[in-house]
Amino acid sequence: MTDNTQQPAHGPHSASADLPTQYAPAEVEEKLYERWVERGYFEADEESGKDPYAIVIPPPNVTGSLHLGHAFEHTLIDALTRRKRMQGYETLWQPGMDHAGIATQNIVERELAKEGKSRHDLGREAFVERVWRWKAESGGQISGQMRRLGDGVDWSRERFTMDEGLSRAVQTIFKRLYDDELIYRAERIINWCPRCLTAISDIEVEYQDDEGELVSIRYGEGEDSVVVATTRAETMLGDTAVAVHPDDDRYAHLVGRRIALPLTDRSIPVVADEHVDPEFGTGAVKVTPAHDPNDFEIGRRHDLPQQTVMDEHAVITVHGPFQGLDRLEARSAIVAALRAEGRIVAEKRPYTHSVGHCSRCKTTIEPRLSMQWWVKVAPLARAAGDAVRDGRVTIHPKEMESRYFGWVDNLHDWCISRQLWWGHRIPVWYGPGGEVRCVGPDEEPPSGEGWRQETDVLDTWFSSGLWPFSTLGWPERTRSLEKFYPNSVLVTGYDILFFWVARMMMFGLYAMDGTPPFRTVALHGMVRDQFGKKMSKSFGNAVDPLEWMDEYGSDAVRFTLARGANPGVDVPIGEDWVQASRNFANKIWNATRFALLNGATVEGPLPAPEELSAADRWILSRLGAVVSEADAHYDDYQFAKLSDGLFHFAWDEVFDWYVELTKTTFQAGGRPAEVSRRVLGEVLDVVLRLLHPLVPFVTEELWTTLTGRESVVVADWPADSGFRDRAAEEEIAAVRHLVTEVRRFRADQGLQPGQRVPARMDLTATPLAAHEAAMRALLRLQPAGEDFTATASLPIAGATVALDLSGAIDVGAERKRLTKDLAAAEKELKQTTAKLGNDGFLSKAPDHVVVKIRARREAAEADIARITAQLERLPQG
RNA sequence: GGGUGCAUAGCUCAGCGGUAGAGCGCCGCCCUUACAAGGCGGAUGUCGGCGGUUCGAACCCGUCUGCACCCACCA
């Protein structure tokens, strides 16, 4: 051992030898994060002259804690913003949380229930105060988790959708929409959750196939009777018609007549309506306008009365034997009563049909006639669709566009009122004489006798739809708004494309004079378990990201998630894979340790090309290419390719091959060792910077140690040096190939490390078949008969023998297989082999074609000899 | 009913016209002074089925089968 392999040649990093042999995330992460925040790296300056780059956080619900899906999303956003920050953009990653109306109210109500109380025991004001208290605790938990993840958010700008400023934005846009007649109040069939006791919008309803029972009931008497089928017998109390198809001859005689409604003293008309499918069931439908959206429409067309039969708890309100029964009890009671009257004409049969459930509590939705507030979405949605259609906003991956269009082009009006207490109260006052007044943020509410404010609050997505500009101070024209609106990109899950993305598009375009809220939407998939199953608490496969971060480090969790992130595709993640990422972090750690121990340096210019060894030129050439690839993948939101590419470059090429090659250089010492120290330093410097956005902690710790500089967070993003050396790349590829073959040979022959190769050995068994197969595949020529031969010799015991890879192929069979034109075949072969970095040619003979490949191995002969010699000395690599 | 994807190694997935790949798992050898959370070598695939286009198809076209998701909706 010489001194210069033990001591850094120069530089300030002698302390680096103290790095432990394993990376311990727990010891550095918290310290580094606090340092970043203290130094203000993540704070965005709206007065800066730099170009802006802004992303808003999809605000997590204050309910509870972050799950792996958040960790995933945050990793992507953090990687994007960290890179842009390094590239010199004025970067804003806007943090904040959503008040999550129903979800939060449900949780706090559940807490109250444990104390035996309901929200009504507290009253509205005290209840809301209680929710605020709860929010204070829960919100803190979330920001703690974000710090653990390393999220580079600007904490000084944290917002909450119920903040004063954001509430002002809500009131402002409500008033503007109201004045533009895009918000209105109307009585319609809405999706009612009898447990949450509120209306919900169409997309908050989840449909699933439920088992029901279809019963057939005879309405009317004798000639004037008709059989209807239903799964919801209890609604018959509210029937106000029977509908049949206008062309249905079976019932033509009944249309316009009235028939008796069983169990009541009412009679109802038979109407003809196109909606009825004559093929389905009996072709006759009971019509309950107050409890079914389709029936409501039929009722409208035929001017039918709307008979409400259930209250908000889905309990029957009609006087009589069924009053007070809930909908399920009423269903069986009514069927029993009908059977007693002989009106059940077909036994009930099991019937699977799609039933709506509340997305918050899974209770079966009760469609219900109700007075609610609505947004008239058609004009807003048209603008939202056009912004994507005309390219002002692009959606990644592109396949998701059709989903987006399918939705914005077919929207029903949006029910925005909720019968909750937690949320933005609708800024409308009702006067004593029936007046309705919408109050803007700078107006005094009416105060006279008899005025009262609307008690409903707004759908939580109403305020989150304003997020890209409300967080920047809108409706004020703030400097922040000018600087950071529109956002550069929106990163979110495809599951909230309609809930959130489309709403932001509608509101953004409307409020910001036609400027969309972001230029690009990058949609990611959902995190799943290692078998591709959806993660859920009830299934028991949900993972708390904190547990994994504790065990393996935040970088490992982040890298695993990034590595699975193909655009728009779900991401499976398993603990094994996090371990693999942890191993990678440790590998980076130890490779850097090796570099430091051997005096790698980042100081001074790179040595001139003529001083570089083939290995140096190869790795620098590859480094340039990798920087460009990484840039392309970042720009295209290809996180999986990005991560995988960097993983393999770092591990296979830099850590395995280049580092191994430098070992002999370092041992030899002298000027070549100096050169390689600088090159190794350069390569690690760049690799750490490239990896930093994905794995911020380990790279920060190592980069600052390696370079002695302040922080990689504010380091320059690497640029492609433009240096390329095809010859060196091929040369090293040849070296790698040969070394691998020698190793394989030794392994096949069972040679122990350190054991010298005997002078004579039988080689026939080993690599020849591989060469032959490669030849065949390469040429895409199946050998006809047994004419094909290939021979190869390997450098053993220091002696290198030229490889003679040639084959003779019977042309009789091949001539058909190739084209009739051999010249064309030759041309194609040339192209093919050129792609593979080899020379190839066909030579024609009367009865056969000789195909030869000349691999450029001669060029590498010197290195091959050297490496082979080293292999004799260094038994394994 | 309408739409969008997907079927490739034991598992989870890349590749999308030119030598079938990765991670994990598996087998063998090695505690070699950066790293055993490591190193070296290896095995494993009718690339879902059937047709077609092409000199050449995992990749393009058609078709079938099976899955997933979204939308509409089922009296």
Heavy atoms only, 4.0 Å cut-off, all strands: where does [X] land among base, sugar-phosphate and nothing?
X	answer
A:R528	nothing
A:Y552	nothing
A:Y351	sugar-phosphate
A:F655	base

Checking only heavy atoms, does the side chain of A:Q22 share a donor-acceptor pair with the base of B:rA36 at less than 3.5 Å? no
Please enumerate all residues that pass side chain to side chain contact (heavy atoms under 4.5 Å, CB included) together with A:A580, with sequence neighbours excluded. none
Run the ring-centre check on A:F639 versus A:H633 and record whether the distance is less than 6.0 Å.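 Ring centroids of A:F639 and A:H633 are no less than 6.0 Å from each other.
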Give every pair of a protein N or O atom and an N or O atom of nucleotides 24-26 of chain B that lie under 3.5 Å apart, one pair per line with the distance.
unit_1 : atom_1 : unit_2 : atom_2 : d
B:rC24 : O2'    : A:D576 : OD2    : 3.3

Where each pair must be Watson-Crick or G-U wobble with both distances under 3.5 Å, what dot-bracket representation of RNA chain B is obtained, with crossing pairs in [ ] and other-strand partners as |? ((((((((.[[[[.)..(..]]]].(((((.......))))).....[[[[[..)....]]]]])))))))....
Got a donor-acceptor contact below 3.5 angstrom from the A:R593 side chain to the A:I588 backbone?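 Such a contact is absent between A:R593 side chain and A:I588 backbone.
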Applying salt bridge (charged side-chain N to carboxylate O under 4.0 Å, His left out) as the test, list every pair that has at least one member in residues 551-566 of chain A; sequence neighbours left out.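 Salt bridge (charged side-chain N to carboxylate O under 4.0 Å, His left out) check on residues 551-566 of chain A returns A:D78-A:R558, A:R563-A:D644.
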With sequence neighbours left out, the residues meeting salt bridge (charged side-chain N to carboxylate O under 4.0 Å, His left out) with A:D413 are none
For residues 19-27 of chain A, run the donor-acceptor check on the side chains, cut-off 3.5 Å, and write out each pair with its distance to 0.1 Å, sequence neighbours left out.
none

